[in-house]
Amino acid sequence: MVSAPTRSDAAGAVQTWGNYIAGEWRPAKSGATFENRNPANRNDLIGRFAASGADDVEAAIAAAAEAFESWRLTSPIVRANLLHKAANILESRVSEVGRDLTREEGKTLKEGIGETGRAVQILRYYAGEAQQPSGEHYPSMGQNTLLYTVREPLGPTAIITPWNFPIAIPAWKIAPALAFGNTVVFKPATLTPLCAVRLVEALADAGLPAGVLNLITGSASQIADPLVEDARIVAISFTGSNETGGKLRKVTAARGAKLQLELGGKNPAIVLADADVDHALQQVLAGAMMSTGQKCTATSRAIVDRRLAAEFTEKLGDRIRGLRVGDPLQADTQIGPLIDEASADRVAGEVEAARNAGTRLVAGGGRLTDQGRDKGAFVAPTLFADVDSSSRLGQEELFGPVLGVIPVDGLDEAIAVANSVKFGLSASLFTRDLGKALAFVQSIQAGVVHVNSETAGAEPQVPFGGMKGSSSYSREQGKAAREFFTQVKTVYIDPPPAA
Ligand code: UN1
(Lines give C-alpha, C1' and ligand atoms only; values in the text may rest on other atoms or scores of the structure.)
Protein backbone atom coordinates (compact mmCIF):
# COMPACT_ATOMS: atom_id res chain seq x y z
CA MET A 1 0.00 0.00 0.00
CA VAL A 2 1.16 3.51 -0.77
CA SER A 3 0.70 5.95 2.08
CA ALA A 4 -0.30 9.51 1.54
CA PRO A 5 2.62 11.28 3.15
CA THR A 6 2.36 11.73 6.88
CA ARG A 7 4.53 14.04 8.87
CA SER A 8 5.07 11.83 11.89
CA ASP A 9 5.87 8.20 11.35
CA ALA A 10 4.11 5.78 13.66
CA ALA A 11 6.79 4.35 15.92
CA GLY A 12 8.57 1.50 14.20
CA ALA A 13 6.34 1.50 11.12
CA VAL A 14 8.15 1.63 7.79
CA GLN A 15 6.12 3.48 5.20
CA THR A 16 5.93 3.01 1.46
CA TRP A 17 5.78 6.22 -0.52
CA GLY A 18 4.38 6.71 -3.98
CA ASN A 19 4.94 8.90 -6.97
CA TYR A 20 2.84 12.04 -7.25
CA ILE A 21 1.21 12.12 -10.67
CA ALA A 22 -1.79 14.15 -11.87
CA GLY A 23 -2.54 15.20 -8.28
CA GLU A 24 -2.48 11.68 -6.78
CA TRP A 25 -0.01 9.64 -4.73
CA ARG A 26 0.36 6.38 -6.65
CA PRO A 27 2.60 3.31 -6.55
CA ALA A 28 4.78 2.53 -9.56
CA LYS A 29 2.70 0.75 -12.21
CA SER A 30 4.87 -2.34 -11.74
CA GLY A 31 4.34 -2.17 -7.96
CA ALA A 32 8.13 -2.25 -7.48
CA THR A 33 9.78 -0.34 -4.64
CA PHE A 34 13.29 0.40 -3.42
CA GLU A 35 14.65 0.93 0.08
CA ASN A 36 16.06 4.14 1.48
CA ARG A 37 18.51 3.79 4.41
CA ASN A 38 20.20 6.19 6.80
CA PRO A 39 23.84 6.69 5.73
CA ALA A 40 24.89 7.03 9.39
CA ASN A 41 23.28 3.72 10.32
CA ARG A 42 22.44 1.17 7.66
CA ASN A 43 20.10 -0.65 10.08
CA ASP A 44 17.76 2.35 10.00
CA LEU A 45 15.30 1.80 7.13
CA ILE A 46 13.70 5.16 6.37
CA GLY A 47 11.09 3.93 3.93
CA ARG A 48 10.30 2.23 0.64
CA PHE A 49 9.73 4.33 -2.45
CA ALA A 50 8.25 3.77 -5.89
CA ALA A 51 10.76 2.18 -8.28
CA SER A 52 9.34 3.80 -11.38
CA GLY A 53 9.63 2.64 -14.97
CA ALA A 54 8.94 4.03 -18.43
CA ASP A 55 5.14 3.72 -18.02
CA ASP A 56 5.23 5.91 -14.89
CA VAL A 57 7.33 8.47 -16.76
CA GLU A 58 4.74 8.43 -19.55
CA ALA A 59 1.92 9.11 -17.07
CA ALA A 60 3.87 11.97 -15.46
CA ILE A 61 4.71 13.62 -18.79
CA ALA A 62 1.13 13.26 -20.01
CA ALA A 63 -0.13 14.90 -16.80
CA ALA A 64 2.40 17.76 -17.10
CA ALA A 65 1.52 18.32 -20.76
CA GLU A 66 -2.22 18.42 -20.06
CA ALA A 67 -1.86 20.71 -17.03
CA PHE A 68 0.33 23.15 -18.98
CA GLU A 69 -2.64 24.26 -21.10
CA SER A 70 -4.32 25.91 -18.13
CA TRP A 71 -1.29 26.62 -15.90
CA ARG A 72 0.34 28.78 -18.60
CA LEU A 73 -2.75 31.00 -18.54
CA THR A 74 -3.05 31.15 -14.75
CA SER A 75 -2.31 34.63 -13.38
CA PRO A 76 1.21 35.02 -12.02
CA ILE A 77 -0.41 36.48 -8.90
CA VAL A 78 -2.30 33.23 -8.33
CA ARG A 79 0.93 31.26 -8.85
CA ALA A 80 2.68 33.60 -6.39
CA ASN A 81 -0.01 33.02 -3.77
CA LEU A 82 0.40 29.24 -4.12
CA LEU A 83 4.16 29.50 -3.66
CA HIS A 84 3.68 31.72 -0.60
CA LYS A 85 1.29 29.20 0.87
CA ALA A 86 3.68 26.31 0.18
CA ALA A 87 6.47 28.31 1.86
CA ASN A 88 4.32 28.79 4.96
CA ILE A 89 3.40 25.09 5.06
CA LEU A 90 7.02 23.99 4.70
CA GLU A 91 8.07 26.53 7.34
CA SER A 92 5.55 25.08 9.78
CA ARG A 93 7.23 21.65 9.24
CA VAL A 94 10.82 22.87 9.19
CA SER A 95 12.13 20.86 12.16
CA GLU A 96 10.51 17.58 11.09
CA VAL A 97 11.57 17.95 7.46
CA GLY A 98 15.06 19.07 8.52
CA ARG A 99 15.29 15.92 10.62
CA ASP A 100 14.13 13.79 7.67
CA LEU A 101 16.83 15.46 5.58
CA THR A 102 19.55 14.64 8.10
CA ARG A 103 18.36 11.07 8.51
CA GLU A 104 18.28 10.54 4.77
CA GLU A 105 21.29 12.58 3.55
CA GLY A 106 23.62 12.61 6.56
CA LYS A 107 24.44 16.30 6.96
CA THR A 108 24.16 17.58 10.53
CA LEU A 109 20.79 18.48 12.04
CA LYS A 110 21.75 22.16 12.04
CA GLU A 111 22.52 21.94 8.32
CA GLY A 112 19.40 19.85 7.61
CA ILE A 113 17.11 22.35 9.33
CA GLY A 114 19.08 25.22 7.79
CA GLU A 115 18.65 23.80 4.31
CA THR A 116 14.92 23.30 4.81
CA GLY A 117 14.67 26.94 5.95
CA ARG A 118 16.54 27.88 2.81
CA ALA A 119 13.95 26.05 0.69
CA VAL A 120 11.25 28.11 2.45
CA GLN A 121 13.14 31.30 1.60
CA ILE A 122 13.52 30.19 -2.03
CA LEU A 123 9.77 29.51 -2.38
CA ARG A 124 9.09 33.01 -0.97
CA TYR A 125 11.64 34.61 -3.28
CA TYR A 126 9.95 33.15 -6.38
CA ALA A 127 6.51 34.09 -5.09
CA GLY A 128 7.90 37.64 -5.19
CA GLU A 129 9.60 37.17 -8.57
CA ALA A 130 6.35 35.96 -10.14
CA GLN A 131 4.90 39.41 -9.39
CA GLN A 132 7.78 41.39 -10.90
CA PRO A 133 7.51 43.18 -14.25
CA SER A 134 8.16 40.84 -17.17
CA GLY A 135 8.99 42.03 -20.67
CA GLU A 136 9.79 45.49 -21.98
CA HIS A 137 8.21 48.27 -23.98
CA TYR A 138 10.24 49.61 -26.94
CA PRO A 139 10.11 52.62 -29.26
CA SER A 140 9.12 51.75 -32.84
CA MET A 141 9.62 53.10 -36.36
CA GLY A 142 5.86 53.06 -36.68
CA GLN A 143 4.34 56.19 -35.21
CA ASN A 144 1.41 54.37 -33.62
CA THR A 145 2.99 50.97 -33.15
CA LEU A 146 2.84 49.46 -29.71
CA LEU A 147 6.05 47.40 -29.59
CA TYR A 148 6.84 45.26 -26.57
CA THR A 149 8.10 41.90 -25.37
CA VAL A 150 6.49 39.40 -23.06
CA ARG A 151 8.15 36.42 -21.41
CA GLU A 152 6.16 33.24 -21.82
CA PRO A 153 6.60 29.85 -20.15
CA LEU A 154 8.41 27.09 -22.05
CA GLY A 155 6.09 24.13 -21.38
CA PRO A 156 6.51 20.86 -19.49
CA THR A 157 10.02 20.72 -18.00
CA ALA A 158 12.14 18.00 -16.39
CA ILE A 159 13.88 18.83 -13.11
CA ILE A 160 16.63 16.34 -12.21
CA THR A 161 18.31 16.92 -8.87
CA PRO A 162 21.21 15.55 -6.77
CA TRP A 163 21.19 14.13 -3.26
CA ASN A 164 23.58 16.64 -1.64
CA PHE A 165 21.05 19.49 -1.30
CA PRO A 166 17.96 17.29 -1.42
CA ILE A 167 15.42 20.05 -0.71
CA ALA A 168 17.14 23.37 -1.57
CA ILE A 169 18.16 22.46 -5.12
CA PRO A 170 14.73 21.01 -6.02
CA ALA A 171 13.15 24.18 -4.57
CA TRP A 172 15.41 26.51 -6.54
CA LYS A 173 14.57 24.74 -9.81
CA ILE A 174 10.90 23.88 -9.24
CA ALA A 175 9.83 27.24 -7.74
CA PRO A 176 10.92 29.36 -10.73
CA ALA A 177 9.64 26.75 -13.21
CA LEU A 178 6.19 27.00 -11.62
CA ALA A 179 6.29 30.74 -10.90
CA PHE A 180 6.78 31.51 -14.59
CA GLY A 181 4.05 29.13 -15.81
CA ASN A 182 5.82 25.88 -16.67
CA THR A 183 4.76 22.44 -15.51
CA VAL A 184 7.22 19.97 -14.03
CA VAL A 185 8.22 16.33 -13.99
CA PHE A 186 10.56 16.07 -11.01
CA LYS A 187 13.09 13.22 -10.82
CA PRO A 188 15.03 13.47 -7.52
CA ALA A 189 18.19 11.55 -6.68
CA THR A 190 17.48 7.92 -5.79
CA LEU A 191 19.33 8.37 -2.49
CA THR A 192 17.09 11.18 -1.18
CA PRO A 193 13.48 10.55 -2.20
CA LEU A 194 11.94 11.52 1.15
CA CYS A 195 13.00 15.17 0.91
CA ALA A 196 11.49 15.22 -2.58
CA VAL A 197 8.21 13.87 -1.17
CA ARG A 198 8.29 16.54 1.57
CA LEU A 199 8.72 19.39 -0.90
CA VAL A 200 6.03 18.10 -3.27
CA GLU A 201 3.72 17.53 -0.33
CA ALA A 202 4.05 21.19 0.78
CA LEU A 203 3.20 22.38 -2.75
CA ALA A 204 0.35 19.88 -3.09
CA ASP A 205 -1.06 20.88 0.31
CA ALA A 206 -0.90 24.53 -0.80
CA GLY A 207 -3.41 23.63 -3.53
CA LEU A 208 -1.27 23.35 -6.66
CA PRO A 209 -3.59 22.13 -9.46
CA ALA A 210 -3.29 18.47 -10.50
CA GLY A 211 -0.56 17.72 -13.05
CA VAL A 212 1.35 20.98 -12.58
CA LEU A 213 4.03 19.22 -10.52
CA ASN A 214 4.66 15.47 -10.87
CA LEU A 215 7.17 13.44 -8.87
CA ILE A 216 8.68 10.19 -10.11
CA THR A 217 11.15 8.36 -7.90
CA GLY A 218 13.45 5.51 -8.85
CA SER A 219 16.65 4.67 -10.57
CA ALA A 220 18.03 6.89 -13.34
CA SER A 221 18.81 3.77 -15.37
CA GLN A 222 15.06 3.06 -15.59
CA ILE A 223 13.57 6.53 -15.93
CA ALA A 224 16.13 9.03 -17.20
CA ASP A 225 16.06 8.07 -20.89
CA PRO A 226 12.27 8.03 -21.35
CA LEU A 227 12.12 11.34 -19.49
CA VAL A 228 14.83 13.32 -21.27
CA GLU A 229 14.20 11.88 -24.74
CA ASP A 230 10.49 12.70 -24.79
CA ALA A 231 9.67 15.50 -27.25
CA ARG A 232 7.00 16.92 -24.89
CA ILE A 233 9.73 17.84 -22.35
CA VAL A 234 10.93 21.14 -23.78
CA ALA A 235 13.53 22.03 -21.13
CA ILE A 236 15.72 20.19 -18.64
CA SER A 237 17.41 21.61 -15.56
CA PHE A 238 20.00 19.27 -14.08
CA THR A 239 22.48 19.45 -11.22
CA GLY A 240 24.88 16.54 -10.86
CA SER A 241 27.91 14.88 -12.39
CA ASN A 242 29.82 16.04 -15.44
CA GLU A 243 29.35 12.57 -16.92
CA THR A 244 25.54 12.77 -16.86
CA GLY A 245 25.72 16.43 -17.92
CA GLY A 246 27.64 15.36 -21.03
CA LYS A 247 24.96 12.81 -21.94
CA LEU A 248 22.25 15.42 -21.50
CA ARG A 249 24.10 17.83 -23.81
CA LYS A 250 23.99 15.21 -26.57
CA VAL A 251 20.34 14.28 -26.11
CA THR A 252 19.08 17.85 -25.92
CA ALA A 253 21.28 19.10 -28.78
CA ALA A 254 19.95 16.31 -30.98
CA ARG A 255 16.30 17.06 -30.31
CA GLY A 256 16.54 20.82 -29.68
CA ALA A 257 15.48 21.08 -26.03
CA LYS A 258 16.63 23.84 -23.69
CA LEU A 259 19.23 22.70 -21.14
CA GLN A 260 20.64 24.06 -17.90
CA LEU A 261 23.53 22.22 -16.25
CA GLU A 262 25.18 22.69 -12.85
CA LEU A 263 28.10 20.28 -12.59
CA GLY A 264 31.27 19.82 -10.59
CA GLY A 265 33.81 22.08 -8.94
CA LYS A 266 37.40 22.02 -7.71
CA ASN A 267 37.11 25.22 -5.77
CA PRO A 268 40.18 27.09 -4.53
CA ALA A 269 40.60 29.24 -1.44
CA ILE A 270 43.65 31.46 -1.89
CA VAL A 271 45.25 32.63 1.36
CA LEU A 272 47.73 35.49 0.96
CA ALA A 273 50.48 36.32 3.46
CA ASP A 274 48.59 39.38 4.75
CA ALA A 275 45.33 37.50 5.45
CA ASP A 276 43.67 37.36 8.87
CA VAL A 277 44.88 33.82 9.53
CA ASP A 278 42.32 32.88 12.15
CA HIS A 279 39.44 33.98 9.96
CA ALA A 280 40.91 32.23 6.90
CA LEU A 281 41.37 29.01 8.90
CA GLN A 282 37.80 29.05 10.09
CA GLN A 283 36.35 29.78 6.64
CA VAL A 284 38.54 27.26 4.81
CA LEU A 285 37.63 24.62 7.37
CA ALA A 286 33.92 25.30 6.93
CA GLY A 287 34.20 25.45 3.12
CA ALA A 288 36.03 22.14 2.97
CA MET A 289 34.30 20.09 5.64
CA MET A 290 30.68 21.19 6.17
CA SER A 291 28.22 18.71 4.65
CA THR A 292 31.20 16.31 4.76
CA GLY A 293 32.70 18.14 1.78
CA GLN A 294 29.83 17.04 -0.46
CA LYS A 295 28.98 20.37 -2.08
CA CYS A 296 29.85 21.30 -5.63
CA THR A 297 30.89 24.62 -4.06
CA ALA A 298 33.10 23.00 -1.37
CA THR A 299 36.70 24.16 -0.98
CA SER A 300 39.03 21.36 -2.05
CA ARG A 301 42.24 23.33 -2.65
CA ALA A 302 43.82 25.75 -0.16
CA ILE A 303 46.31 27.72 -2.23
CA VAL A 304 48.52 29.35 0.40
CA ASP A 305 51.40 31.82 0.20
CA ARG A 306 54.59 29.86 0.83
CA ARG A 307 55.58 32.17 3.71
CA LEU A 308 52.44 31.14 5.57
CA ALA A 309 51.96 27.60 4.27
CA ALA A 310 53.67 25.59 7.05
CA GLU A 311 51.96 27.47 9.89
CA PHE A 312 48.59 27.45 8.12
CA THR A 313 48.77 23.72 7.34
CA GLU A 314 49.71 22.82 10.91
CA LYS A 315 46.92 24.91 12.45
CA LEU A 316 44.36 23.62 9.94
CA GLY A 317 45.44 20.03 10.70
CA ASP A 318 44.82 20.65 14.43
CA ARG A 319 41.33 21.99 13.74
CA ILE A 320 40.50 19.13 11.37
CA ARG A 321 41.61 16.51 13.89
CA GLY A 322 39.37 18.23 16.47
CA LEU A 323 36.16 17.85 14.41
CA ARG A 324 33.52 15.59 15.98
CA VAL A 325 32.49 13.04 13.33
CA GLY A 326 29.47 10.89 14.07
CA ASP A 327 25.69 10.53 14.06
CA PRO A 328 24.43 13.77 12.47
CA LEU A 329 21.19 13.57 14.48
CA GLN A 330 23.25 14.18 17.67
CA ALA A 331 23.37 17.88 18.47
CA ASP A 332 27.13 18.05 19.10
CA THR A 333 28.19 16.29 15.86
CA GLN A 334 30.03 18.55 13.42
CA ILE A 335 30.57 16.15 10.51
CA GLY A 336 28.23 13.38 9.42
CA PRO A 337 28.79 10.40 7.12
CA LEU A 338 29.12 10.41 3.37
CA ILE A 339 25.98 9.70 1.40
CA ASP A 340 26.55 5.94 1.13
CA GLU A 341 29.05 3.09 1.47
CA ALA A 342 30.12 3.30 -2.15
CA SER A 343 31.03 6.98 -1.77
CA ALA A 344 32.89 6.35 1.49
CA ASP A 345 34.91 3.55 -0.11
CA ARG A 346 35.58 5.65 -3.20
CA VAL A 347 36.82 8.66 -1.17
CA ALA A 348 38.91 6.44 1.13
CA GLY A 349 40.42 4.88 -2.03
CA GLU A 350 41.33 8.33 -3.40
CA VAL A 351 42.99 9.20 -0.08
CA GLU A 352 44.93 5.94 -0.14
CA ALA A 353 46.05 6.57 -3.72
CA ALA A 354 47.29 10.08 -2.84
CA ARG A 355 49.25 8.65 0.10
CA ASN A 356 50.73 5.96 -2.09
CA ALA A 357 51.79 8.65 -4.55
CA GLY A 358 53.84 10.18 -1.72
CA THR A 359 51.62 13.12 -0.77
CA ARG A 360 52.12 14.15 2.86
CA LEU A 361 49.08 13.34 5.02
CA VAL A 362 48.53 15.82 7.88
CA ALA A 363 45.14 14.76 9.29
CA GLY A 364 42.56 12.02 8.79
CA GLY A 365 43.22 9.43 6.14
CA GLY A 366 40.52 6.79 5.74
CA ARG A 367 37.30 5.14 6.95
CA LEU A 368 36.24 5.58 10.60
CA THR A 369 34.82 2.42 12.12
CA ASP A 370 35.15 2.88 15.89
CA GLN A 371 32.49 4.32 18.27
CA GLY A 372 29.64 2.67 16.33
CA ARG A 373 30.74 4.32 13.11
CA ASP A 374 31.11 0.92 11.44
CA LYS A 375 27.33 1.06 10.86
CA GLY A 376 27.65 4.08 8.60
CA ALA A 377 29.59 5.60 5.71
CA PHE A 378 32.14 7.54 7.78
CA VAL A 379 35.41 8.92 6.45
CA ALA A 380 37.84 10.97 8.54
CA PRO A 381 38.15 14.63 7.52
CA THR A 382 41.48 14.63 5.72
CA LEU A 383 44.22 17.16 5.02
CA PHE A 384 47.19 16.77 2.68
CA ALA A 385 50.20 19.14 2.60
CA ASP A 386 52.43 20.28 -0.28
CA VAL A 387 50.03 18.98 -2.91
CA ASP A 388 51.23 19.06 -6.52
CA SER A 389 48.67 21.09 -8.45
CA SER A 390 48.92 18.78 -11.47
CA SER A 391 48.21 15.63 -9.41
CA ARG A 392 44.82 13.94 -9.29
CA LEU A 393 44.27 15.46 -5.81
CA GLY A 394 45.01 18.88 -7.28
CA GLN A 395 42.75 18.49 -10.32
CA GLU A 396 39.80 16.15 -9.75
CA GLU A 397 36.63 16.65 -7.71
CA LEU A 398 36.63 14.02 -4.94
CA PHE A 399 33.29 15.05 -3.38
CA GLY A 400 34.27 14.26 0.19
CA PRO A 401 35.98 15.75 3.26
CA VAL A 402 39.42 15.99 1.66
CA LEU A 403 41.46 19.18 1.36
CA GLY A 404 44.91 19.72 -0.12
CA VAL A 405 47.25 22.65 0.61
CA ILE A 406 49.16 23.93 -2.43
CA PRO A 407 51.96 26.39 -1.55
CA VAL A 408 52.57 29.26 -4.03
CA ASP A 409 54.67 32.43 -4.36
CA GLY A 410 52.26 35.35 -4.36
CA LEU A 411 48.96 36.22 -6.02
CA ASP A 412 49.87 35.74 -9.68
CA GLU A 413 50.99 32.16 -9.17
CA ALA A 414 47.98 31.55 -6.92
CA ILE A 415 45.57 32.65 -9.65
CA ALA A 416 47.41 30.62 -12.30
CA VAL A 417 47.17 27.50 -10.10
CA ALA A 418 43.54 28.24 -9.23
CA ASN A 419 42.66 28.51 -12.94
CA SER A 420 44.58 25.39 -13.97
CA VAL A 421 41.61 22.99 -13.56
CA LYS A 422 38.74 22.14 -15.90
CA PHE A 423 36.16 23.49 -13.44
CA GLY A 424 35.24 27.09 -12.56
CA LEU A 425 32.39 27.14 -10.07
CA SER A 426 33.40 29.15 -6.97
CA ALA A 427 36.60 30.65 -5.55
CA SER A 428 37.73 32.56 -2.47
CA LEU A 429 40.56 34.94 -1.65
CA PHE A 430 41.71 35.87 1.85
CA THR A 431 43.60 39.17 2.01
CA ARG A 432 43.48 42.68 3.48
CA ASP A 433 44.79 44.19 0.25
CA LEU A 434 42.04 45.80 -1.83
CA GLY A 435 44.17 45.97 -4.98
CA LYS A 436 44.88 42.24 -4.81
CA ALA A 437 41.20 41.53 -4.16
CA LEU A 438 40.21 43.44 -7.29
CA ALA A 439 42.91 41.75 -9.39
CA PHE A 440 41.65 38.36 -8.17
CA VAL A 441 38.03 39.19 -9.00
CA GLN A 442 39.10 40.23 -12.50
CA SER A 443 41.21 37.17 -13.37
CA ILE A 444 39.77 34.22 -11.49
CA GLN A 445 37.81 31.81 -13.68
CA ALA A 446 34.80 31.16 -11.47
CA GLY A 447 31.10 31.96 -11.66
CA VAL A 448 30.86 32.76 -7.93
CA VAL A 449 33.70 34.71 -6.31
CA HIS A 450 34.24 35.46 -2.62
CA VAL A 451 36.70 37.77 -0.90
CA ASN A 452 37.24 36.87 2.76
CA SER A 453 34.47 34.27 2.90
CA GLU A 454 34.26 30.56 2.10
CA THR A 455 33.58 29.11 -1.36
CA ALA A 456 30.19 27.54 -0.54
CA GLY A 457 26.83 29.25 -0.15
CA ALA A 458 24.38 30.74 -2.62
CA GLU A 459 21.79 33.39 -1.82
CA PRO A 460 18.56 32.98 -3.81
CA GLN A 461 18.34 36.54 -5.15
CA VAL A 462 21.58 36.41 -7.18
CA PRO A 463 22.64 34.28 -10.16
CA PHE A 464 24.42 31.02 -9.36
CA GLY A 465 26.53 28.95 -11.72
CA GLY A 466 30.02 28.23 -12.94
CA MET A 467 32.45 28.90 -15.75
CA LYS A 468 34.25 26.30 -17.89
CA GLY A 469 33.32 22.67 -17.08
CA SER A 470 31.14 23.58 -14.09
CA SER A 471 28.10 24.78 -15.97
CA SER A 472 26.39 25.35 -19.32
CA TYR A 473 26.73 29.15 -19.44
CA SER A 474 23.20 29.53 -18.13
CA ARG A 475 22.71 30.60 -14.52
CA GLU A 476 20.18 29.58 -11.89
CA GLN A 477 18.41 31.64 -9.22
CA GLY A 478 17.87 35.39 -9.03
CA LYS A 479 16.71 37.09 -12.23
CA ALA A 480 18.64 34.46 -14.22
CA ALA A 481 15.96 31.90 -13.35
CA ARG A 482 13.39 33.86 -15.35
CA GLU A 483 15.72 33.83 -18.37
CA PHE A 484 16.01 30.06 -18.28
CA PHE A 485 12.39 29.21 -17.56
CA THR A 486 10.79 31.62 -20.05
CA GLN A 487 11.08 32.55 -23.70
CA VAL A 488 10.60 35.96 -25.28
CA LYS A 489 7.73 36.91 -27.56
CA THR A 490 8.07 40.23 -29.41
CA VAL A 491 4.73 41.91 -30.13
CA TYR A 492 3.95 44.63 -32.70
CA ILE A 493 0.47 46.09 -32.42
CA ASP A 494 -0.75 48.60 -34.93
CA PRO A 495 -4.13 50.21 -35.09
CA PRO A 496 -6.14 49.18 -38.16
CA PRO A 497 -5.99 51.76 -40.97
CA ALA A 498 -8.58 54.50 -40.58
CA ALA A 499 -11.71 53.63 -42.62
C1 UN1 B 1 25.75 26.01 -1.62
O2 UN1 B 1 26.96 26.11 -1.70
O3 UN1 B 1 25.14 26.34 -0.60
O4 UN1 B 1 25.23 20.86 -5.74
C5 UN1 B 1 24.94 25.53 -2.75
C6 UN1 B 1 25.80 21.80 -5.19
C7 UN1 B 1 25.55 23.19 -5.69
C8 UN1 B 1 24.83 24.03 -4.73
C9 UN1 B 1 25.70 24.62 -3.67
N10 UN1 B 1 24.78 23.12 -6.93
O11 UN1 B 1 26.53 21.57 -4.24
Side-chain angles (χ1 to χ4, degrees), residues 98 101 104-108 110-122 125 159-176 187-192 195-196 199 236-245 248 259-269 283-300 336 338-339 343 347 397-403 423-428 446-450 453-478 480-481 484:
L101 197 165
E104 171 172 77
E105 198 274 348
K107 62 182 72 175
T108 62
K110 187 167 168 244
E111 290 175 295
I113 292 172
E115 187 186 327
T116 309
R118 181 171 171 177
V120 171
Q121 192 194 355
I122 289 166
Y125 174 77
I159 303 291
I160 307 176
T161 58
W163 46 262
N164 67 328
F165 284 92
I167 199 157
I169 290 179
W172 89 36
K173 292 179 190 291
I174 291 170
K187 175 355 192 159
T190 317
L191 291 163
T192 51
C195 287
L199 179 63
I236 299 171
S237 179
F238 169 78
T239 297
S241 72
N242 281 64
E243 191 194 342
T244 304
L248 288 173
L259 178 65
Q260 175 178 64
L261 300 175
E262 287 304 333
L263 309 171
K266 185 71 187 172
N267 309 300
Q283 291 288 301
V284 169
L285 184 76
M289 301 301 169
M290 298 305 288
S291 296
T292 324
Q294 300 172 112
K295 298 181 187 179
C296 61
T297 47
T299 305
S300 60
L338 278 95
I339 184 66
S343 293
V347 172
E397 180 177 51
L398 302 189
F399 226 66
V402 182
L403 177 66
F423 301 107
L425 185 51
S426 63
S428 293
V448 183
V449 177
H450 294 256
S453 57
E454 59 153 303
T455 56
E459 296 193 33
Q461 70 278 18
V462 283
F464 175 83
M467 294 183 176
K468 301 197 284 188
S470 291
S471 188
S472 55
Y473 295 96
S474 62
R475 293 289 181 268
E476 307 192 86
Q477 302 214 92
F484 182 73

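Remember, it's 1-based here, ligands and their atoms both numbered in the order they're listed.
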So what's ligand 1 close to, N/O to N/O, under 3.5 Å?
{"from": "ligand 1", "atom 1": "2 (O)", "to": "Thr297", "atom 2": "OG1", "distance (Å)": "2.5"}
{"from": "ligand 1", "atom 1": "2 (O)", "to": "Gly457", "atom 2": "N", "distance (Å)": "2.7"}
{"from": "ligand 1", "atom 1": "3 (O)", "to": "Arg118", "atom 2": "NH1", "distance (Å)": "2.8"}
{"from": "ligand 1", "atom 1": "3 (O)", "to": "Arg118", "atom 2": "NH2", "distance (Å)": "2.9"}
{"from": "ligand 1", "atom 1": "3 (O)", "to": "Gly457", "atom 2": "N", "distance (Å)": "3.4"}
{"from": "ligand 1", "atom 1": "4 (O)", "to": "Asn164", "atom 2": "ND2", "distance (Å)": "3.2"}
{"from": "ligand 1", "atom 1": "11 (O)", "to": "Asn164", "atom 2": "ND2", "distance (Å)": "2.9"}
{"from": "ligand 1", "atom 1": "11 (O)", "to": "Cys296", "atom 2": "N", "distance (Å)": "2.6"}

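- In this structure, Lys173 forms no cation-pi arrangement with Phe238, as its terminal cationic atom is not both closer than 6.0 Å to the ring centre and no more than 45° off the ring axis.
- Closest heavy-atom contact between Gln283 and Ser453: OE1-CA, 3.4 Å.
- Residues Ser237 and Gln260 come closest through the heavy atom pair OG-OE1, 2.6 Å.
- Heavy-atom minimum distance, Ala269 versus Thr299: CB-CG2, 3.7 Å.
- In terms of heavy-atom proximity, Lys107 sits nearest to Phe165 at NZ-CD2, 3.6 Å.
- Taking CD of Gln477 as the start and CH2 of Trp172 as the end, the distance is 4.5 Å to the nearest 0.5 Å.
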